[in-house]
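Just below is one structure, and these are the notes that go with it.
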Protein chains: 2
Amino acid sequence: MPKAALSTGAVVGLALRIVDDRGPAALTLAAIAAEAGVSTPSLYKHVRDLAEVKALVSAAVIGELADRVSAAVMGRASDDAIRALLTEWRAYVREHPHRYAAVIQRPEPRAAEPGARLLDAINASLHGLGLDETTAVHVARCLRSTVHGFVSLESEGGFGLPVNLDESFELLVTMATAGLRAALQEG
Amino acid sequence: MPKAALSTGAVVGLALRIVDDRGPAALTLAAIAAEAGVSTPSLYKHVRDLAEVKALVSAAVIGELADRVSAAVMGRASDDAIRALLTEWRAYVREHPHRYAAVIQRPEPRAAEPGARLLDAINASLHGLGLDETTAVHVARCLRSTVHGFVSLESEGGFGLPVNLDESFELLVTMATAGLRAALQEG
DNA sequence: CTCATAGGCTAATGCCATTAACCAAACGGC
DNA sequence: GCCGTTTGGTTAATGGCATTAGCCTATGAG
């Protein structure tokens, strides 16, 4: 067998580079093959098809994000933890906007493990609030929606007006923490 | 000239039907042409290229959403208005999940007018709060992020767990209204 | 009535994904 | 050390798509 130059992991690595450099739309098997200095069909020895590459890229990105936010949340509690969660999430996306845009949100088996770790990180930011199982799910969804909405709009250039984005995000964090506190008291 | 069967508007109409029926990924010039009973190149007499079709589809969807949300907010104020804004926004997306997923968020000249109307609707939900110009922008961004995050995750099937979504959304609305109230007092 | 033009068509190009068929190098067992 | 199987690469072929070029014709303005 001709000196195994490639591997599934290497393909994903090249895919990540392409996404970073040229955006998710440029992620094609032809581009990966060119980057690898190999013919396009060769990739099929390491990967089922383009859909699988995209799923693996998603999983990789979610995994990185999970690591980042897990670390950020660790050792913090309540408002402080939630602030860290949201802030670090946004920081990651700002560092790798194309990467985040490449993530497929629909649950996918290959992304299940990193997805679970990300969910764990969210839940970790909620520890100590004494939430029951179901409420924790609702709260986690709300926090995820909140950050996801902001960072995806931000990274896709969805905010047009020339007004400071950091201040908007600061308000978002305040609204989330204060809103959560209030909602938990009422409900 | 052979009896003008098509028009730009008709093309967009067919595009919307395809998006509704088969999802945004199925929106191709070939599919539109098939639907219209015409050859693919004929479409170029009515539309510059596929990118333009997508932009026009985005504009149409944003316009519909703006109409719905405007009507829902009209005559309401404060928490009531914000609740109506978020709820109607979600209702529209649930009725047309593929349509919403087809929207390109990046500001685009062709979508500027409906985009402005949508922004107006958001701002209308804020009237009476006495916000200065800049604060209103921040708040509008936060509300948009909040709904957008939730409904895009929901419409893409991003929420996996078998826990009631209406309850999650209800919490989101409560968090948003209470959070906004609190944030405006603090800041 | 004429003729410019709008709105359709076919043919051709080029990019992409995917499949099939083939080939050689490396490894494992002997 | 030798041999066959496997592995990781190759080229060729197919088919979908967007887009461009060039053609053709009915229609409506004059």
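Below, all heavy atoms of this structure are taken into account, side chains as well, without hydrogens, waters or symmetry copies. Order of the sequence lines fixes the chain letters, A, B, ..., with proteins taken first and strands second; residue numbering starts at 1 for each chain.
Atom NZ in A:Lys45 sits about 14 Å away from atom P in C:dA24, given to the nearest Å. Between the OH atom of A:Tyr44 and the P atom of C:dC16 there is a distance of 12 Å, given to the nearest Å. Between the CG atom of B:Leu29 and the C1' atom of D:dT19 there is a distance of 9 Å, rounded to whole Å. D:dG8 atom P lies 6 Å from atom NE2 of A:His46, rounded to whole Å. Between A:Ile32 atom CD1 and C:dC16 atom P there is a gap of 12 Å when expressed in whole angstrom units. Residue B:Arg48 contributes atom CZ, which lies 17 Å from atom P of D:dA18 at whole-angstrom precision. What separates CG of A:Leu43 from C1' of C:dC16 is a distance of 13 Å, to the nearest Å. The CG atom of A:Leu50 sits 11 Å away from the P atom of C:dC16 (whole-angstrom rounding).
Nucleic acid contact for B:Thr28: sugar-phosphate only, since backbone atoms but no base atoms lie under 4.0 Å from a heavy atom of the residue.
Under the 3.5 Å distance criterion, with hydrogens and angles disregarded, no donor-acceptor pair is assigned to the side chains of A:His46 and A:Thr8. With 3.5 Å as the limit, one finds no donor-acceptor pair spanning the side chains of B:Asp67 and B:Ser70.
Picking from C:dC16, C:dA20, C:dG8 the nucleotide with the shortest atom distance to the side chain of A:Ala30 gives C:dC16. Taking the side chain of A:Ser42 as heavy atoms from C-beta on, and the options C:dT18, D:dT10, D:dT19, the nearest nucleotide is D:dT10.
Here B:Arg68 pairs with B:Glu88 in a salt bridge; the nearest charged N to carboxylate O distance falls below 4.0 Å.
Taking the six-membered ring wherever Trp is involved, the centroid distance between the rings of A:Phe169 and A:Phe150 falls below 6.0 Å.
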